[in-house]
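Read through the structure below, which is laid out as structure tokens, and then see the notes.
All values derive from a computational prediction rather than experimental measurement. The chains referred to below are lettered A, B, ... by the order of the sequence lines, with proteins before strands, and numbering in each begins at 1.
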2 protein chains.
Amino acid sequence: MKEARILLVEDDQNLGQILKEYLDVKGFSTTLCRDGRTGLKTFKSELFDLCIFDVMMPIMDGFTLAEEVRKSDKDVPIMFLTAKSMKEDTIKGLKIGADDYITKPFSMEELLLRIRAIMRRSQRGENAPPEPTKFKIGQFNFDYDTQVLKDNAEGSEMKLTSKEAELLRMLALNKNQTLERSKALKQIWHDDNYFNSRSMDVYITKLRKYLKNDEHLQIINVHGTGFKLIETSNETEPAQP
Amino acid sequence: MKEARILLVEDDQNLGQILKEYLDVKGFSTTLCRDGRTGLKTFKSELFDLCIFDVMMPIMDGFTLAEEVRKSDKDVPIMFLTAKSMKEDTIKGLKIGADDYITKPFSMEELLLRIRAIMRRSQRGENAPPEPTKFKIGQFNFDYDTQVLKDNAEGSEMKLTSKEAELLRMLALNKNQTLERSKALKQIWHDDNYFNSRSMDVYITKLRKYLKNDEHLQIINVHGTGFKLIETSNETEPAQP
DNA sequence: GCCAAGGGTTAACAATGTTTAACAGGCTTC
DNA sequence: GAAGCCTGTTAAACATTGTTAACCCTTGGC
């Protein structure tokens, strides 16, 4: 099982640092932000499995941050650190969709137990529909596990690199739909920034070359948004009004 | 449940004696040492389920002692007694792999609760389903205990070295998933650095040679991340989402 | 002690994979 | 249609991995 990523937003530098070190030692990959604004920015550019937000923070409080986060990801588990168990806070948090609360002061051990509980829960969710790893794309068979793309027309096989395979898989999973650039960047490159974005463009070019034998396949760009792998059927000639 | 053994290292004779008596009454078998040096010596010659070290001690402080102990046992739970909750101390301790802290002054009751919590935790770890040591990998049978890899197709047996066996075991445990390079290095080489990483590459080559008779087995590289042992079934039928 | 064998590491070089740079077009907006 | 960002493409630069062989060690026999 891969190292889980945690986004920790805590304005108290001391507590934040201690928590981060502790969680890192316990096998998580933790990113610490000092305030809600940088927290939100970080969340939008990287991929996390769990968010832990302090409620009382300057600039942007934990609840507001959570609401913003929910706008771009409605599933990621969120946990709040509250000064004391205030009913109002609790209710507000529940509305936003918090997964757990922990009231200061708390022991590291307790925090860890709760984190593991949440992880276990959200894993179950993932277990439900296993994502396919073998695809039929036009005249090709693509096996994500072996990273092999087979051209059924020519009978040839091409060995893809891991990045090529990951990108093609995401495109295939979203066939005929737009795959958002930032989504792919977060999942494959783990960071949505300019250089990775250009790198992704290079991979799009490579994939287009791999698929060029089948004229019914195209990877088209959706300007400012992402890419779309489209497969047009042979006999369907749509009328142009 | 067997009587748990505790190694208590505390330079304050009064406190040490009181703690020992209390713990003994509560059903533990406690060994008390007055300083880090004798503590280390004792640890190396006997078996303990838990260590409790005072941080402030002459000759050898608790952290140094813990580091030494970690060299010969990287799993035994260690708990620190600290004069006050010093942030630096906490961080230092966490890096070493402490399981808990307790700040003086503390109540006996609190200490007992924490000890039991730790015991419960480490027991859970032990109770968890024991990791398998015998694997069926494609046309091979691999026995980690005897370090023997048997080729069922040819009927031949190969004797692996310990490093080969450990690496193959980790790959087998993560079959069809990516085994992170750093994870393997930490577990098998105990240090994730450039040279060990190259050494691991050499072992990957060796394992590939061992497995090359079965064409459905591959150890493929996930660039910048690790390796994946994949076993492909004979029939390749791509799923249509 | 000396030698040989085996296991493990380091070195060296080849091959492969990924990112960055550079430049050429494209799409949008005003 | 000009300015400014986005995208397409290529090639060079950089980083990681594959492989072989030499080089340490340690161990055990003589």
Exercise. From the list D:dT17, D:dT9, D:dC6, which nucleotide is the closest neighbour of the side chain of A:Arg198?
Worked result: D:dT9
For this session: Would you indicate what A:Phe227 reaches in the nucleic acid, counting non-hydrogen atoms under 4.0 angstrom: base, sugar-phosphate, or nothing?
Result: sugar-phosphate
Problem set entry | Short N-O contact, A:Arg70 and A:Glu67, less than 4.0 angstrom | no
Exercise. Taking atom P of D:dT17 as reference, at what distance in whole Å does atom CG of B:Asn196 sit?
Worked result: 14 Å
Exercise. Please give, in whole Å, the distance from C:dG8 P to B:Lys206 NZ?
Worked result: 7 Å
Exercise. Salt bridge or not for B:Arg181 and B:Asp201, using N-O below 4.0 Å?
Worked result: yes
Problem set entry | Any A:Arg181 side-chain nitrogen or oxygen under 4.0 Å from OP1 or OP2 of D:dC6 | no
Problem set entry | A:Phe48 six-ring face occupied by A:Arg5 cation (under 6.0 Å, within 45°) | no
Exercise. Between B:Leu160 and B:Asn221, which has a closest nucleotide on DNA chain C that is more 5'?
Worked result: B:Leu160
For this session: To the nearest Å, give me how far apart CG (B:Asp192) and C1' (C:dT9) are.
Result: 16 Å
Exercise. In whole angstrom, what separates B:Glu166's CD from C:dG7's C1'?
Worked result: 13 Å
Problem set entry | Rounded distance in Å - CD (B:Glu164) to P (C:dT9) | 11 Å
Exercise. Any side-chain N or O of B:Trp189 less than 4.0 Å from the OP1 or OP2 oxygen of C:dG8?
Worked result: no
Exercise. For D:dT10, does OP1 or OP2 lie under 4.0 Å from any side-chain N or O of A:Lys209?
Worked result: yes
Exercise. Quick one: A:Ile204 CD1 to D:dC6 P, roughly how many Å, whole number?
Worked result: 17 Å
For this session: Would you mind telling me which of C:dT18, C:dG7, C:dC23 lies closest to the side-chain atoms of B:Thr161?
Result: C:dG7
Problem set entry | Under-4.0 Å salt bridge between A:Lys175 and A:Glu231 | yes
For this session: Provide, to the nearest angstrom, the distance between the CD1 atom belonging to A:Ile188 and the C1' atom belonging to C:dT18.
Result: 13 Å
For this session: Using only side-chain N and O atoms of B:Arg208, determine if any of them is under 4.0 Å from OP1 or OP2 of D:dG18.
Result: yes
Exercise. Do B:Phe63 and B:Phe80 have ring centroids that are under 6.0 Å from one another?
Worked result: yes
Exercise. Rounded to whole angstrom units, what separation is found between the CZ atom of A:Phe195 and the P atom of C:dA22?
Worked result: 10 Å
For this session: Between C:dG17, D:dT7, D:dT19, spot the one nearest the side chain of B:Asp201, thanks.
Result: D:dT19
Exercise. Does A:Ser162 place a side-chain N or O at less than 4.0 Å from the phosphate oxygens OP1/OP2 of D:dT16?
Worked result: no
Exercise. Are any of A:Thr205's side-chain N or O atoms less than 4.0 Å away from OP1 or OP2 of D:dT9?
Worked result: yes
For this session: Just compare D:dT20, D:dT9, C:dC13 and give me whichever is closest to any side-chain atom of B:Val202.
Result: D:dT20
